[in-house]
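Taking it in order: structure first as structure tokens, then the write-up.
Heavy atoms only: backbone and side chains are in, while hydrogens, waters and symmetry mates are out. Order of the sequence lines fixes the chain letters, A, B, ..., with proteins taken first and strands second; residue numbering starts at 1 for each chain.
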There are 2 protein chains.
Amino acid sequence: MYSKLTHLQSTFTADCVIFGFEEGELKVLLVERNEYPYKDWWALPGFFVEHSETIDNAVERILYEHTGLRNIFMEQLYTFGDLKRHPQGRVITVAYYALLRLKGQSTLKPHSTYVRQAVWHPVENLPELAFDHAHIIDRSLEKIRQNIKSTPIAFELLPEKFTLTQLQKVYEAILGIALDKRNFRKKMLNYNFLKELDEKQQGVSYRAAKLYKFDKRKYAKIFQNDLSFKK
Amino acid sequence: MYSKLTHLQSTFTADCVIFGFEEGELKVLLVERNEYPYKDWWALPGFFVEHSETIDNAVERILYEHTGLRNIFMEQLYTFGDLKRHPQGRVITVAYYALLRLKGQSTLKPHSTYVRQAVWHPVENLPELAFDHAHIIDRSLEKIRQNIKSTPIAFELLPEKFTLTQLQKVYEAILGIALDKRNFRKKMLNYNFLKELDEKQQGVSYRAAKLYKFDKRKYAKIFQNDLSFKK
DNA sequence: TCAAAAGTGTTTTCCTTACACCCATGC
DNA sequence: GCATGGGTGTAAGGAAAACACTTTTGA
């Protein structure tokens with residue numbers, strides 16, 4: 001069995017890039033490390049992948065141990081294997097990313113002594129990061145900037161019921177540009193995958209906006225046509 | 001150093017999905033294995049990643065040893081780590097893909113005894129493959145189908161000088177659909193990154209078509225605007 | 001002269017963009 | 001009554017799509 005051939009073994013870890021959206025800002029979840037190397041530094045939640053688990057299972061487990069978060073759908077981003085990315089030798093890491101609805105908790109409780117705390121940081125203002133994690137976050141940002149144009153990831157960052165202005169702010173935060181309100185609404189509503197609710201925003205000191213829901217089924221129906229190209 | 005912690009070591013390999021285009025068909029390069037497991041089966045060129053090399057270096061080396069090909073620009077596709085993908089235990093593999101100009105050689109000489117020969121196979125008619133390699137090829141195909149719509153990968157499959165019909169055939173082979181000749185030409189020429197040459201096709205028994213070149217510089221200039229969004 | 005592929009325009013439809021003012025609400 | 005964001009329409013331009021016949025060439 002290959003696992004006996006130690007010269008053909010690699011050190012292999014997984015890192016999680018978890019994005020959230022709050023106060024009009026895109027945020028990323030960082031942990032404060034309690035282990036060498038990079039003890040006391042901020043880093044992405046990440047750890048070794050065990051023999052007995054798939055990579056998907058590993059990132060799920062690692063995220064839970066480092067942040068207490070569970071059942072988060074993560075997607076693979078890229079695998080990094082530069083010789084110098086880890087001070088103690090060549091460590092290959094596979095990065096996963098996810099988008100999350102924030103619910104007010106700005107600090108999360110780790111279930112592991114390897115990290116002290118997990119805190120949301122605005123992507124526009126990150127501390128210095130361990131390893132090549134700044135680079136990994138940059139790559140994740142590129143990825144979600146691409147994806148937001150072709151997939152409904154924006155809705156993963158919002159509560160179930162949201163206003164069109166909130167939705168627009170997500171697009172603006174991720175793309176880093178200002179969008180035209182009328183054009184944005186026209187376009188979104190034309191897609192026909194938003195369900196207008198009979199409810200309005202609560203507790204605002206100005207005209208309350210209508211609430212909408214994202215309709216996954218309609219979205220799937222519309223974009224199953226992904227495969228039906230025109231000539 | 002981590003490499004001493006054997007329980008935290010993983011078996012890690014790299015596989016190469018190399019596409020080519022010939023006779024109006026998309027082809028993929030497969031090797032006939034001369035090693036267990038899956039001795040005598042067709043498989044993707046792939047092998048262990050060593051401690052001392054980056055992943056990019058590893059795929060370059062492995063491709064050379066298995067096929068004799070060198071200096072091929074490959075891009076990372078995805079990392080696969082299912083528990084059952086390898087009969088001898090959990091082996092993580094990172095897959096890379098590349099697109100190549102074929103030059104007539106349908107069989108390539110391996111520089112390694114691990115494989116017997118490397119042969120181009122039409123993607124529409126593949127033999128049964130070792131491991132999860134059929135799945136990896138499917139994923140690569142999805143990727144290039146996406147990429148061909150937004151990047152100039154089609155030109156990597158063609159000779160330097162090509163006709164518009166040849167170019168159209170590449171798009172049709174990858175997308176798997178028939179395209180309208182007039183619309184295709186109009187669109188391609190409108191992009192302004194094709195340079196019309198003063199040469200024509202040679203040796204055909206019908207009206208010879210004009211030859212074109214892909215102009216990388218113009219392409220880069222036009223699509224640097226990638227970042228300049230409109231409101 | 002025939003076979004094979006090259007080459008060519010117009011119309012319609014739809015999406016994108018630009019742009020500015022009134023409305024409802026809470027304080 | 002004022003500040004704050006909510007909400008709305010139209011015109012112009014450009015890309016995508018549908019669609020069929022003539023021309024060139026070599027055999």
Rounded to whole Å, the NZ-C1' distance (B:Lys187 to D:dG14) equals 13 Å

With sequence neighbours left out, the residues meeting side-chain contact (heavy atoms from CB on, under 4.5 Å) with A:Leu102 are A:Glu22, A:Trp120

Nearest-Å distance for atom pair CG/P, residues A:Asn190 and D:dT8: 13 Å

Round to a whole Å and report the spacing from CZ of A:Phe162 to C1' of D:dG6. 16 Å

At how many degrees, to 10°, do the end axes of the helix from C:dT1-D:dA27 to C:dC27-D:dG1 meet when each uses five pairs? 0°

Cation-pi check for B:Tyr38 against B:Arg33: NZ or CZ below 6.0 Å from the six-membered ring centre and within 45 degrees of the axis, yes or no? no

Taken in chain and number order and not counting sequence neighbours, the residues that satisfy salt bridge (Lys or Arg N to Asp or Glu O under 4.0 Å) with A:Arg145 are none

Quick one, give me the B/S/- string for nucleotides 4-11 of chain C, reading 5' to 3', where B means a protein heavy atom under 4.0 Å from the base and S means that only happens at the primed atoms, P, OP1 or OP2. BSBBBBB-

Could you give the CD1-to-P distance, from A:Ile177 to C:dT16, as a whole number of Å? 13 Å

With a 6.0 Å cut-off on the ring centroids, do B:Phe80 and B:Tyr78 count as close? yes

Aromatic ring proximity B:Tyr97/B:Phe19, centre distance under 6.0 Å: no

Between CG of B:Asn192 and P of D:dG14 the distance, given in whole Å, is 14 Å

Please identify each residue that fulfils salt bridge (Lys or Arg N to Asp or Glu O under 4.0 Å) with A:Arg61, with sequence neighbours left out. A:Glu53, A:Glu65

Chi angles and distances behind the side chain to side chain contact (heavy atoms under 4.5 Å, CB included) call for B:Leu197, B:Lys161: CA-CA 8 Å; B:Leu197 302 177; B:Lys161 302 171 181 182; 3.6 Å; yes

Would you be so kind as to tabulate the donor-acceptor pairs closer than 3.5 Å made by side chains of residues 126-134 of chain A, with sequence neighbours excluded?
from	atom 1	to	atom 2	distance (Å)
A:Asp132	OD1	A:Arg85	NE	3.2
A:Asp132	OD1	A:Arg85	NH2	3.0
A:Asp132	OD2	A:Arg85	NE	2.8
A:His133	ND1	A:Leu44	N	3.0

Return the value, rounded to whole Å, for the distance between atom CG of A:Leu189 and atom P of C:dC15. 14 Å

Mind calculating the distance between CZ (A:Phe184) and P (C:dT16) to the nearest angstrom? 13 Å

